[in-house]
Amino acid sequence: MMRREWIYAWLLVLPAFVFLITFTHLPAVEALVNSVWTTAKGRRPSMFVGLGNYQKMLQDPIFIKAMINSGLYAALTVPTSIALALAMALLVHRPFKGVAAMRMAYFTPTVLPLVAVANIWLFFYAPGFGLIDQIRQFFGFASANYAGQPDTALYSVAVVTIWKEAGFFMIFFLAALQTVPETLREAAAIEGCSKWTFFRRVTLPLIMPTTLFVSVNAVINAFRLVDHVFVMTKGGPDNASMLLLYYIFETGFRYWDTAYAAALTVVLILILSLAGLGQFYAADKRVHYK
Amino acid sequence: MQISDIAIQIDRVTRAFDRNRALDEVSVPIRAGEFTVLLGPSGCGKSTLLRLIAGLDTQTDGTILIEGQDMRGTPPGARGLSMVFQSYALFPHLSVRQNILFGLAVRKTSRAVQAERLKRVAEMMGLGPLLDRKPSQLSGGQQQRVALARAVISDRPICLMDEPLSNLDAKLRADMRVELRSIQKQLGLTVVYVTHDQVEAMTMADRIIVMNGGRIEQVGIPEAIYARPETTFTASFIGTPPMNLFPASALFSGPANLTVGIRPEDLHLTDAGPRADLVGVEYLGADRLVAGQINGTPFVLRQPAQSPTPRDRFHIGWSQTAMNAFDATTGKRLHDFDFSSLSPNQKDFDHETA
């Protein structure tokens with residue numbers, strides 16, 4: 001009887017398993033294998049180099065630049081988009097006239113394709129006639145090329161990410177806020193508890209599981225979401241907005257150094273796994289699960 | 001009655017939701033130090049009234065005075081009252097201790113006062129060993145105690161309770177009724193208690209406010225509500241089973257526009273009197289409920305279980321003083337109605353149906 005149930009269970013997960021292994025696990029293992037070999041060239045077959053590709057990274061200034069940028073980019077986009085998402089969710093979580101339209105407005109950036117909106121943002125940033133520049137010039141400031149200057153390129157890319165992500169995360173916070181029972185709010189009101197105190201002492205702890213879920217996703221997305229980099233800066237100028245994943249793409253598919261790209265990929269997977277695990281462990285003690 | 005005796009004065013309060021009136025010009029005083037029960041079926045407006053007193057909702061019209069002060073615009077926290085919710089409304093992420101102290105903490109009461117009051121209240125409620133647990137680790141009864149402790153520790157003179165016992169099992173509910181009542185007396189609290197359970201109302205209340213359809217049907221001590229219902233609604237709502245309501249024509253050859261109410265325990269079997277048909281018998285241990293029909297009107301008679309079960313047809317009798325007279329059209333009690341003006345029904349149901 002037990003055996004039959006097990007066979008049944010395995011058969012049920014089999015389709016998902018096949019896809020997961022073919023497109024996720026096998027490629028990851030293959031990347032790991034490839035990373036310890038050199039890229040095969042026309043004249044020279046692939047040869048084993050052990051950790052050679054990884055040693056190469058330490059001397060690669062673009063890799064180091066990309067790592068710093070990615071860290072900065074995550075540190076900028078993750079907390080900002082989460083805070084913004086929570087603020088927006090709080091604004092539209094109670095029903096009022098036109099709340100559906102408001103929610104839709106907040107959610108729109110999520111629905112739009114990132115490549116398309118990156119082009120629109122490019123217009124906002126455009127020097128001379130761009131939206132931001134027009135405002136600047138109206139107030140008498142000098143023209144600025146946000147996406148085209150090394151010192152602002154990364155930030156202008158980060159702003160687009162925040163704009164894109166906040167609306168998506170808002171949905172999760174909205175769902176979490178709806179699960180906080182109204183009677184808790186009323187019980188607190190009877191005690192003379194201010195809205196802010198209630199938010200800090202009750203709402204925030206109760207939506208902690210969602211905050212954790214969202215922050216893990218935000219960190220992953222910070223390393224994963226680079227569509228707009230292709231459109232807006234292509235990692236430039238002078239690698240000012242070079243992110244790790246974009247660098248992997250450039251190495252693998254522009255310069256066809258697939259072995260080095262594989263090694264970079266392994267580093268990326270390692271960072272993401274550590275970030276995810278670390279967050280779960282660190283937050284586990286402070287998170288309230290019902 | 002002096003003004004100071006009244007803790008809460010409800011004055012022509014209306015609460016309308018769209019076109020539907022949940023409360024319709026309700027006026028009633030609630031006396032200080034009394035256990036007042038708002039009793040009525042679902043949707044009668046009792047919870048709405050409680051929420052208006054609490055300030056969790058705002059009336060469409062009318063005034064609510066607490067200790068003589070108009071409460072319009074006063075937030076719930078500044079009304080000098082505490083509240084116990086049906087769902088307990090405990091904060092799931094806080095310990096029992098933090099839950100009880102929540103109000104004192106947000107009002108920034110000194111640590112020393114908090115500790116002293118917590119000790120006293122935890123002792124009174126028997127919560128001492130549970131203080132470090134989370135609500136999810138407590139039974140329903142224990143959670144209810146925590147909710148109660150949170151209300152009591154505030155030291156506020158008025159405590160509102162919204163069906164606080166309805167999520168407990170029958171045994172626990174009976175125990176908690178006694179305990180609630182003793183806490184109320186001990187602390188001299190003014191309690192306003194909402195329930196649809198008349199047993200709770202009867203056993204705990206100093207005064208019952210019977211509500212129906214957004215209006216107050218009757219206000220009185222439990223004995224008065226039971227013995228002298230002011231309306232046919234109260235008569236048919238209070239008592240298990242409730243008062244029998246006969247059209248006068250079923251019992252008397254008298255005026256048609258009269259309803260006669262007689263409690264099941266005031267009816268007895270006799271050799272003469274109106275004839276009834278037996279419908280069914282329910283054995284309850286000490287008592288037996290006999291369901292019958294008299295000239296098409298169903299009724300229930302309560303008799304001691306030792307008495308003989310009636311035959312298929314039987315005669316019923318009652319004492320003159322057990323009768324209640326109501327206007328058949330308005331359902332209002334007719335005070336000082338003279339039953340001697342009526343003559344017993346001479347209609348011979350025996351031969352008619354034979």
Side-chain angles (χ1 to χ4, degrees), chain A residues 82-83 86 89-90 93-100 172-216 279-290, chain B residues 47 50-58 66 74-95 98-109 134-137 143 146-156 158-164 167 192:
Chain A
I82 289 176
L86 185 54
L90 285 169
H93 122 81
R94 275 153 187 290
F96 58 86
K97 223 179 166 83
V99 70
F172 294 99
F173 281 120
L174 200 54
L177 288 174
Q178 308 279 347
T179 64
V180 176
E182 196 56 31
T183 47
L184 292 187
R185 209 177 301 277
E186 292 178 348
I190 296 273
E191 301 286 2
C193 181
S194 70
K195 278 188 175 161
W196 166 244
T197 311
F198 181 77
F199 175 73
R200 202 169 44 84
R201 289 210 48 188
V202 181
T203 309
L204 217 47
L206 286 181
I207 62 170
M208 203 54 189
T210 303
T211 312
L212 176 66
F213 170 78
V214 165
S215 60
V216 169
Q279 258 173 326
F280 276 115
Y281 276 115
D284 218 18
K285 296 209 168 54
R286 292 190 297 123
V287 171
H288 162 74
Y289 286 103
K290 266 185 204 163
Chain B
S47 286
L50 195 76
R51 292 174 60 81
L52 290 178
I53 297 172
L56 297 173
D57 192 5
T58 311
I66 295 180
T74 308
R79 295 188 174 205
L81 44 80
S82 57
M83 188 160 174
V84 180
F85 294 83
Q86 180 178 358
S87 60
Y88 315 139
L90 299 179
F91 303 111
H93 61 295
L94 300 179
S95 68
Q98 291 167 315
N99 262 289
I100 296 175
L101 291 174
F102 186 84
L104 298 184
V106 298
R107 290 195 294 276
K108 305 207 163 52
T109 315
K134 290 276 173 71
S136 58
Q137 296 167 302
Q143 292 185 25
V146 177
L148 205 56
R150 189 172 62 184
V152 165
I153 203 167
S154 69
D155 257 357
R156 289 167 165 183
I158 299 170
C159 183
L160 310 179
M161 301 194 184
D162 189 4
E163 311 216 16
N167 288 353
V192 185

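Lettering follows sequence order; numbering is per chain, from 1.
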- Query: Do B:Q86 side-chain atoms and B:D162 backbone N/O form a donor-acceptor pair below 3.5 Å?
  - Reply: no

- Item | Segment of B:L90 engaging chain A (4.5 angstrom heavy-atom cut-off) | backbone

Compile the donor-acceptor pairs under 3.5 Å between side chains in residues 193-207 of chain A and protein atoms, sequence neighbours left out, one pair per line.
from, atom 1, to, atom 2, distance (Å)
A:S194, OG, A:T197, N, 3.2
A:S194, OG, A:T197, OG1, 2.7

- Item | Per-residue contact mode, B:A78 against chain A (heavy atom under 4.5 angstrom) | neither

- Message: Given 3.5 Å as the limit, does a donor-acceptor pair link the side chain of B:R79 with the main chain of B:I53, or not?
- Response: yes

- Query: Looking at B:S87 and A:T183, what are the two nearest heavy atoms and their distance?
  - Reply: OG-OG1, 3.5 Å

- chain A contact via B:F91 - side chain, backbone, both or neither, heavy atoms under 4.5 Å: both

